[in-house]
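Small disclaimer: the values here were computed from a predicted structure and weren't measured.
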Amino acid sequence: MASRNQSIYGLDLYKDAVCMAQYFPEERSIASVVINPLPENESDWWESLSTELTKLAAELKISGQDVICSLPSEWAVIKKIACDKNEPDIEDTIRWEISQQVLGSLDDYAFDHQEILSSDELFRYFLVAAFRSSAVKRVSKLMRSTKLNPVVVDIDIFALINVLETNYEEKTAVPSIIIMGDNEKLKLVLTRNGEFIDFQIVNFQNETEDFSPCLTAIQNAVAALSKVNKSVVGDGTVDLYCTGPLFSNTELLAYLQQNLPNIEILDPFRTIACHAEIPEEDLRRYAPQLAVAVGLSVRGAMEV
């Protein structure tokens, strides 16, 4: 665990912005936050990102600091794999199973796996996530070129699960769906007890004056996730948490809450203190854009 004087930075590399949160683990507090939009109409996202990160590192004097950064879940292949408990070579089995899910050769991918605790007497279960190696290498190179030290490259939806588990400890036993939205897509991840269960991505175009398409998209996606995971969800209503820049729109949020009484903002500062020098009203408004960065910093503190 990082010492009292050592912080970890969560860095959410979003399509239109860079979001950062500085976390002090022993104080369980966020010291500073950043939401910096990327220049518009840039043909090369990586170049735009490099320019912004270089400027950010210089302004905040954070060269050499540990960071954990995200890659978007739509770039990843995420799969649950079951292996016979008597399987002599788990690694080989996992490699073969995930090779059936990726495009091209598995040699072009970086992947990691984590065993899922289970009482099943016949099988062991693993959560496997694979990214193209080129993307992982590029983001690591980008961090180092801006004098930052990448501790871990994680996936945005896993960071959101960290936020829920850390801030809503009394609710984690209840099946929950976190909905991350922008003006082009919705990402929904089903979780219980801090574990990833399933996720779905829905292409979506936000209409600022008509919120009904957003409501319908959420209802349909929640119904689909619940149906295929009935063994987890059961016949009850899942808790819904929304986050992402889409839900910074207070009118949209009010409309959704009128029609979905079980939905609320995923608050990254519900139990984690935030000492950033930002007005409380602005902090509440921009909290949906900071959830991934906070979740990354919490995960990163475990790695230091």
Using a 6.0 Å cut-off, check whether atom CZ of R285 has over 12 heavy atoms from anything other than its own residue.
no
Scan side-chain atoms only and decide if E165 and T172 contain a donor-acceptor pair under the 3.5 Å cut-off.
no
With rounding to the nearest 0.5 angstrom, report the CD1 to CG distance, I178 to L164.
4.5 Å
Validation row: V33, M20 side chains within 4.5 angstrom (heavy atoms):
no
Considering only heavy atoms from C-beta outward, does the side chain of F199 approach that of S73 to under 4.5 Å?
yes
With a 3.5 Å distance limit and no angle check, can you tell me whether N167 reaches the backbone of T271 through a side-chain donor-acceptor pair?
yes
Is a donor on one side and an acceptor on the other found under 3.5 Å between the side chain of N229 and the backbone of V232?
no
Y109 side chain vs G104 backbone, donor-acceptor pair below 3.5 Å
no
Excluding sequence neighbours, so at least two apart, what forms ring-ring contact (aromatic ring centres under 6.0 Å, His included) with F158?
F196
If you round to the nearest 0.5 Å, how far is CD1 of I177 from CZ of R192?
12.5 Å
Mind listing the side-chain donor-acceptor pairs of residues 213-224 below 3.5 Å, one per line with the distance, residues two or more places apart or on another chain?
residue, atom, partner, partner atom, Å
T216, OG1, S212, O, 3.1
N220, ND2, T216, O, 3.4

With a 4.5 Å heavy-atom cut-off, do V18 and V34 have their side chains touching?
no
Once you round to the nearest 0.5 Å, how far does CG of D182 lie from OG of S248?
11.0 Å
Using ring-ring contact (aromatic ring centres under 6.0 Å, His included) as the criterion, list what pairs up with F111, not counting sequence neighbours.
none
Could you tell me whether the side chain of V189 reaches within less than 4.5 Å of the side chain of I161, counting heavy atoms only?
yes
Backbone N/O of A293 and side chain of D12: donor-acceptor pair under 3.5 Å
no
Co-membership, hydrophobic cluster, residues L256 and L160, 4.5 Å side-chain
no
Between the side chains of E74 and K185, is the shortest nitrogen-to-carboxylate-oxygen separation below 4.0 Å, so that they form an ion pair?
yes
Below 4.5 Å, heavy atoms only, C-beta onward: do V294 and I30 meet side chain to side chain?
yes
Any donor-acceptor pair under 3.5 Å linking the side chain of T243 with the backbone of P288?
yes
Would you indicate whether E59, at its atom CD, is surrounded by more than 12 heavy atoms from other residues, nucleotides or ligands within a distance under 6.0 Å?
yes
Counting distance only, does the side-chain N/O of E27 pair as donor-acceptor with the main-chain N or O of S29 below 3.5 Å?
no
Looking just at side-chain N and O atoms, do N262 and D239 make a donor-acceptor pair shorter than 3.5 Å?
no
Hey, is E115 close enough to K85 for a salt bridge, meaning N to O under 4.0 Å?
no
Does S140 use its side chain to pair, donor to acceptor, with the backbone of K137 at less than 3.5 Å?
no
Is it the case that Q22 and Y9 place a side-chain donor and acceptor less than 3.5 Å from each other?
yes
Tell me whether K147 at atom NZ has more than 12 heavy atoms from other residues, nucleotides or ligands lying less than 6.0 Å away.
no
What's the separation between atom CD1 in I78 and atom CD1 in I98, rounded to the nearest 0.5 Å?
9.5 Å
Using only atom types and a distance under 3.5 Å, with no angle test, would you say the side chain of T166 pairs donor to acceptor with the backbone of V163?
no
When rounded to the nearest 0.5 angstrom, what distance separates CG in L38 from CD in E52?
6.0 Å
Give a yes or no on whether the ring-centroid distance for Y241 and Y168 is below 6.0 angstrom.
yes
Classify the ring geometry of F126 against H113: parallel below 30°, tilted from 30° to 60°, perpendicular beyond 60°.
perpendicular
From C19, P72, S70, residue fulfilling side chain to side chain contact (heavy atoms under 4.5 Å, CB included) relative to V292:
S70
Would you check if I263 and I179 make a side-chain contact, meaning some heavy-atom pair closer than 4.5 Å?
yes
Is the backbone of D107 close enough, under 3.5 Å, to the side chain of S105 for a donor and an acceptor to pair up by distance?
yes
Measure the shortest side-chain to side-chain distance between F131 and W75 over non-hydrogen atoms and say whether it is less than 4.5 angstrom.
yes
Would you say the side chain of M143 lies within less than 4.5 Å of the side chain of L13, judging by non-hydrogen atoms?
yes
Where the side chain of N249 meets the backbone of E251, is there a donor-acceptor pair that is under 3.5 Å apart?
yes
